[in-house]
Amino acid sequence: MKTVRTAAISSRKPRILVADNSAVAREGVAAIIGRHSRYTLCGSAVDRRLTIQLMEQHKPDVLLIEPFLGSCDGLLLIKEIAAQFPKTRILVISKQPENVYAERALRAGASGYWMKTGKCEELIQAIDTVIAGELYVSPGIALVAVHKLIENPAAYRHASNLTDRELHVFGLIGAGFGTNRIAKELGISPRTVETYDEQISPRTVETYDEHIKIKLGYPNADALHRGAQEWFELSHYK
């Protein structure tokens with residue numbers, strides 16, 4: 001099936017949609033694509049709603065997306081788009097740390113992960129790679145994946161130990177959100193935080209805090225909040 005799909009794309013110019021809430025990023029990516037006549041830029045979106053609308057309208061071959069739109073759960077958004085538009089290749093273009101998010105994004109349904117700090121030619125290579133039906137990550141992340149397969153190390157104190165939902169909560173804590181605001185961002189009541197992809201009982205926001213503290217080794221709530229703030233600043237402003 002992958003061969004048939006790739007052949008269909010190769011018979012015409014691949015249609016590309018860009019989704020990012022940063023005007024600078026959208027215009028920059030559009031300019032890069034515009035320099036390559038073999039692509040057709042079919043639109044750009046600034047949020048989830050417009051992304052879905054343009055996806056339905058244009059049926060792009062490739063979606064270039066910064067899924068972490070404000071406090072949006074980027075991984076959940078990737079899963080949603082991948083399920084709704086299975087024929088579209090999703091290439092994440094993000095400022096979020098690749099060593100934490102790349103593998104998660106691929107598991108969620110993306111075909112590649114490109115850091116915004118990368119070179120223009122690397123973005124073109126990433127687009128060509130996913131159009132060809134392959135997965136794209138940086139050589140560094142590919143090497144890390146190989147080492148993980150070989151070494152199978154025990155859990156270590158790093159945000160990658162967290163589940164997708166825990167990582168989202170951790171980021172919201174780092175952004176300064178309180179319990180009620182976190183529950184609101186997750187779309188549920190403050191006292192019962194339902195998970196969407198974990199086979200566990202419903203959790204409260206406080207229970208998420210406890211699980212994160214245990215996994216990352218924080219001795220108390222103050223240490224958790226300091227660590228979350230440091231993580232948020234590193235991942236958003238590096």
Minimum heavy-atom separation for [X] and [Y], please, with both atom names.
| X | Y | value |
| --- | --- | --- |
| Pro67 | Val92 | CD-CG1, 3.7 Å |
| Ile78 | Ala108 | CG2-CB, 3.8 Å |
| Leu123 | Trp114 | N-NE1, 3.5 Å |
| Tyr218 | Ala228 | OH-N, 4.5 Å |
| Ala102 | Tyr113 | CA-CD1, 3.6 Å |
| Thr51 | Ala45 | OG1-CB, 3.4 Å |

Just verifying a value: how many Å separate [X] [atom1] and [Y] [atom2], rounded to the nearest 0.5 Å?
| X | Y | atom1 | atom2 | result |
| --- | --- | --- | --- | --- |
| Ile90 | Ile65 | CD1 | CD1 | 7.0 Å |
| Ser111 | Leu63 | OG | CG | 10.5 Å |
| Leu17 | Phe85 | CG | CZ | 9.5 Å |
| Ile212 | Lys215 | CD1 | NZ | 8.5 Å |
| Gln125 | Ile127 | CD | CD1 | 11.0 Å |
| His168 | Phe68 | NE2 | CZ | 9.0 Å |

Step by step, would you call Lys59 with Lys87 a side chain to side chain contact (heavy atoms under 4.5 Å, CB included)? CA-CA 8 Å; Lys59 302 296 190 296; Lys87 293 184 178 181; over 6 Å; no

Main-chain N/O of Ala221 paired with His225 side-chain donor or acceptor, under 3.5 Å: yes

Verdict with supporting geometry, Arg165 and Asp73, side chain to side chain contact (heavy atoms under 4.5 Å, CB included): CA-CA 8 Å; Arg165 181 53 65 93; Asp73 186 333; 3.9 Å; yes

Can you list, pair by pair, the side-chain donor-acceptor contacts under 3.5 Å of residues 31-44, counting residues two or more places apart and other chains?
{"residue": "Arg38", "atom": "NH2", "partner": "Asp128", "partner atom": "OD2", "Å": "2.9"}
{"residue": "Tyr39", "atom": "OH", "partner": "Asp128", "partner atom": "OD1", "Å": "2.4"}

Which salt bridge (Lys or Arg N to Asp or Glu O under 4.0 Å) pairs, counting each pair once, include a residue from residues 106-119, with sequence neighbours left out?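 The answer is Asp20-Lys116, Glu66-Lys116, Glu103-Arg107.
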
Residue pairs fulfilling salt bridge (Lys or Arg N to Asp or Glu O under 4.0 Å) with at least one residue in residues 43-56, sequence neighbours excluded: Arg48-Glu80

Is there side-chain contact between Thr88 and Val62, with heavy atoms separated by less than 4.5 Å? no

Between Asp164 and Arg104, is a salt bridge (charged side-chain N to carboxylate O under 4.0 Å, His left out) present by the stated rule, with each step listed? CA-CA 8 Å; Asp164 291 346; Arg104 294 170 185 265; 2.6 Å; yes

Yes or no on side chain to side chain contact (heavy atoms under 4.5 Å, CB included) for His211 and Glu166, after CA distance, side-chain angles and deciding distance? CA-CA 8 Å; His211 279 256; Glu166 288 167 347; 3.7 Å; yes

Tell me, please, which residues at least two apart from Asn21 pass side chain to side chain donor-acceptor pair (under 3.5 Å). none

Sorted by chain and number, sequence neighbours left out, side-chain contact (heavy atoms from CB on, under 4.5 Å) with Ala83 holds for none

Report the C-alpha separation of Asp61 and Ile131 in whole Å, then their side-chain angles, then the decisive distance to 0.1 Å, and conclude whether the side chain to side chain contact (heavy atoms under 4.5 Å, CB included) test is met. CA-CA 8 Å; Asp61 299 299; Ile131 287 176; 5.6 Å; no

